[in-house]
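Any value given below was found using the heavy atoms of this structure, including those in side chains, with hydrogens, waters and symmetry copies removed. Every value quoted in this text rests on a predicted model; they were computed, and no experiment measured them.
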Amino acid sequence: MKRTMILLLSMLMLLLAACGKEAEQPAFQPGAPVKAAFTLEPKELVAGDTVTFSVKVTQDGQPVDDAKEVKFEWWKDGQEKHETIPASLQGDGVYTAQQTISDPGSYFVYYHVTARDFHNMQKTPFTVNSKTGETPSAPQADAGQSHDHGAAGHTNGETVDYHFSPADNIQVATPAALTVHLMKDNKALDKATVKFEFWRGNDEKHSFVDATETAAGQYEGNAQFPTAGDYTVKIHVEKGDIHDHKDFSLSIK
């Protein structure tokens, strides 16, 4: 009886100690949003000039020098093919990349910033003048949307831009994060209902995963791929009159 009482008292003391440690732990505080400010130089471009794309990344007003990825995607208005160039950290949260553009015309550039569990993207129109001084008409920020971020299967003419970011090195039969950042009219598309649908090859069976909004316009879901192979991931988006979807390819080793 005495041994039993000692054992029970010991277990009670251990339990109280564990609860005390848990109480000491500070409550989880979600990180402040990562912000990005884009510029390009020179502001007056002529064919043959080298343009410098630049984005300053901050969080809570402090520079972010440890971004996971920063890149710039640019294309000429009306072209399907886009060029993507990685950015280099210059310090104080500033990331830059340079590109020489030979043809005059109307262009767009997207910056993509992935940092501290946030993804930021923004589209900016710009113009490259001819050497003879002729100035092409400036593109509109909501034009030129039919590209890799554009949507497929619209039922209402709405336009949604997608940036799909699956986790790196996804393993078979292991939960992996699928993340998509959504934009409409060059603004984050928040408070939408988002779902990931995925299947391998010509498989008739499709799997579905509901996504949760983790930041404005950023949605994440955990998927588990049963076997290796080439998969199609279809992202479904619904909000008000918007009913949209877009297919992406994903290879699982």
Query - Y107 side chain vs I101 backbone, donor-acceptor pair below 3.5 Å - result: no
**Report entry** Nearest-0.5 Å distance that lies between atom OH in Y110 and atom CE in M121
**Finding:** 4.0 Å
Requested in this report: Measure across S54 and T96 and return the closest heavy-atom pair with its distance rounded to 0.1 Å.
Outcome: OG-CG2, 3.6 Å
Query raised in the report: Checking side chain to side chain donor-acceptor pair (under 3.5 Å) against H236, which of E197, K195, H245 comes through?
Result: E197
**Report entry** In one Ile/Leu/Val/Met/Phe/Trp/Tyr side-chain cluster, 4.5 Å: V94, V109
**Finding:** no
Query - Pairs meeting criterion salt bridge (charged side-chain N to carboxylate O under 4.0 Å, His left out) with involvement of residues 214-230, two or more places apart - result: none
Query - Where at least one partner belongs to residues 102-111, residue pairs that pass salt bridge (charged side-chain N to carboxylate O under 4.0 Å, His left out), sequence neighbours excluded - result: none
Query raised in the report: Salt bridge between D244 and K184, side-chain N to carboxylate O under 4.0 Å?
Result: no
Report summary line: Output for pair (R200 CZ, K205 NZ), nearest 0.5 Å, gives 12.5 Å
Query raised in the report: Judged by atom type as modelled, is there a donor-acceptor pair below 3.5 Å linking the side chain of K76 to the main-chain atoms of P104?
Result: yes
Query - Whether Q90 side chain and S88 backbone form a donor-acceptor pair below 3.5 Å - result: yes
Requested in this report: Carefully, step by step, assess V70 and Y111 under the rule side chain to side chain contact (heavy atoms under 4.5 Å, CB included).
Outcome: CA-CA 7 Å; V70 180; Y111 67 72; 5.9 Å; no
Query - Contacts of K234 that satisfy salt bridge (Lys or Arg N to Asp or Glu O under 4.0 Å) - sequence neighbours left out - result: D247
Report task. Check ring pair (Phe, Tyr, Trp, His ring centres under 6.0 Å) between Y231 and all other residues, then give those that pass, not counting sequence neighbours. Result -> F225
Query raised in the report: Just by distance, do the side chain of E238 and the backbone of T193 share a donor-acceptor pair under 3.5 Å?
Result: no
Query raised in the report: Does any N or O in the side chain of H119 come within less than 3.5 Å of the main-chain N or O of H181, such that one atom is a donor and the other an acceptor?
Result: no
Report task. Determine which pairs satisfy salt bridge (charged side-chain N to carboxylate O under 4.0 Å, His left out) with at least one residue from residues 88-99, sequence neighbours left out, and list them in order. Result -> K56-D92
Query - Pairwise distance CG(N129) to CG(L45) - rounded to 0.5 angstrom - result: 8.0 Å
Requested in this report: Decide yes or no for P125 and K123: does some side-chain heavy atom of the first lie under 4.5 Å from some side-chain heavy atom of the second?
Outcome: no
Report task. Give a yes or no answer on whether the side chain of Y219 reaches the backbone of A192 with a donor-acceptor pair at less than 3.5 Å. Result -> yes
Requested in this report: Could you pull out all residues at least two apart from K43 that satisfy salt bridge (Lys or Arg N to Asp or Glu O under 4.0 Å)?
Outcome: E41
Query raised in the report: Are L178 and Y162 in one and the same hydrophobic cluster, where Ile, Leu, Val, Met, Phe, Trp and Tyr link if side-chain heavy atoms are under 4.5 Å apart?
Result: yes
Requested in this report: Measure the CD-CG distance between Q98 and D49 for me, rounded to the nearest 0.5 Å.
Outcome: 11.5 Å
Query raised in the report: Who are the side-chain hydrogen bond (donor to acceptor under 3.5 Å, both in side chains) partners of T214, not counting sequence neighbours?
Result: Q218
Requested in this report: Look at the side-chain heavy atoms of Ile, Leu, Val, Met, Phe, Trp and Tyr, link any pair under 4.5 Å apart, and say whether V51 and I85 land in one connected group.
Outcome: yes
Report task. Check for a donor-acceptor pair, side chain of K239 on one end and backbone N or O of K191 on the other, with a separation under 3.5 Å. Result -> no
Query - Steps toward side chain to side chain contact (heavy atoms under 4.5 Å, CB included) verdict (V194, I235) - result: CA-CA 7 Å; V194 178; I235 303 173; 4.0 Å; yes
Query - Same apolar cluster (I L V M F W Y, side chains within < 4.5 Å links), F208/L250 - result: no
Requested in this report: Would you give the length of the straight line joining atom CD of Q224 to atom CZ of F198, rounded to the nearest 0.5 angstrom?
Outcome: 8.5 Å
Requested in this report: Check E73 against W75 and note the closest heavy-atom contact, atom names and distance.
Outcome: O-CZ3, 3.7 Å
**Report entry** Intermediate values then yes/no, side-chain hydrogen bond (donor to acceptor under 3.5 Å, both in side chains), T84 and H82
**Finding:** CA-CA 7 Å; T84 301; H82 295 201; over 6 Å; no
Query raised in the report: Would T100 and T50 satisfy side-chain hydrogen bond (donor to acceptor under 3.5 Å, both in side chains), going step by step from the backbone distance to the final call?
Result: CA-CA 4 Å; T100 300; T50 297; 2.7 Å; yes
Requested in this report: Taking all heavy atoms of A216 and all of A188, pick out the closest pair and write down the distance.
Outcome: O-CB, 3.6 Å
Report task. Scan residues 105-120 for pairs that pass salt bridge (charged side-chain N to carboxylate O under 4.0 Å, His left out), counting only residues two or more places apart or in two chains. Result -> D66-R116
Query - Expected output: side-chain Q122 to main-chain N186 donor-acceptor under 3.5 Å - result: yes
Query raised in the report: Given side chains that start at C-beta, do those of V55 and F53 come closer than 4.5 Å, heavy atoms only?
Result: no
Requested in this report: Could I get the full list of salt bridge (Lys or Arg N to Asp or Glu O under 4.0 Å) partners for D65, not counting sequence neighbours?
Outcome: none
Requested in this report: Name all residues meeting the side-chain hydrogen bond (donor to acceptor under 3.5 Å, both in side chains) criterion together with D210; count only those two or more places apart in sequence or in a different chain, and write none if there are none.
Outcome: none
Requested in this report: To the nearest 0.5 angstrom, please state how far the CH2 atom of W74 sits from the CD atom of Q99.
Outcome: 4.5 Å
Query raised in the report: Could you walk me through whether H112 and E69 pass the side-chain hydrogen bond (donor to acceptor under 3.5 Å, both in side chains) check?
Result: CA-CA 8 Å; H112 296 280; E69 182 181 51; over 6 Å; no
**Report entry** Closest non-hydrogen atom pair, V34 against F118
**Finding:** CG2-CD1, 3.9 Å
Query raised in the report: Which pair of non-hydrogen atoms, one from V113 and one from A36, has the smallest distance, and what is that distance?
Result: CG2-CB, 4.3 Å
Report summary line: Residues at least two apart in sequence or cross-chain that pass side-chain hydrogen bond (donor to acceptor under 3.5 Å, both in side chains) with D203, listed by chain then number, are none
Query raised in the report: Is there a donor-acceptor pair under 3.5 Å between the side chain of E213 and the backbone N or O of G217?
Result: yes
Query raised in the report: Within a strict 4.5 Å, meaning less than it, do heavy atoms of the V209 and N222 side chains meet?
Result: no
Query - Ring geometry between F164 and F196 (parallel below 30°, tilted from 30 to 60°, perpendicular above 60°) - result: tilted
Requested in this report: List the atom of A47, the atom of S102, and the distance in Å for their closest heavy-atom pair.
Outcome: CB-O, 3.1 Å
Report task. Return the set of residues passing side-chain hydrogen bond (donor to acceptor under 3.5 Å, both in side chains) with T114 (not counting sequence neighbours), or none when no residue passes. Result -> none
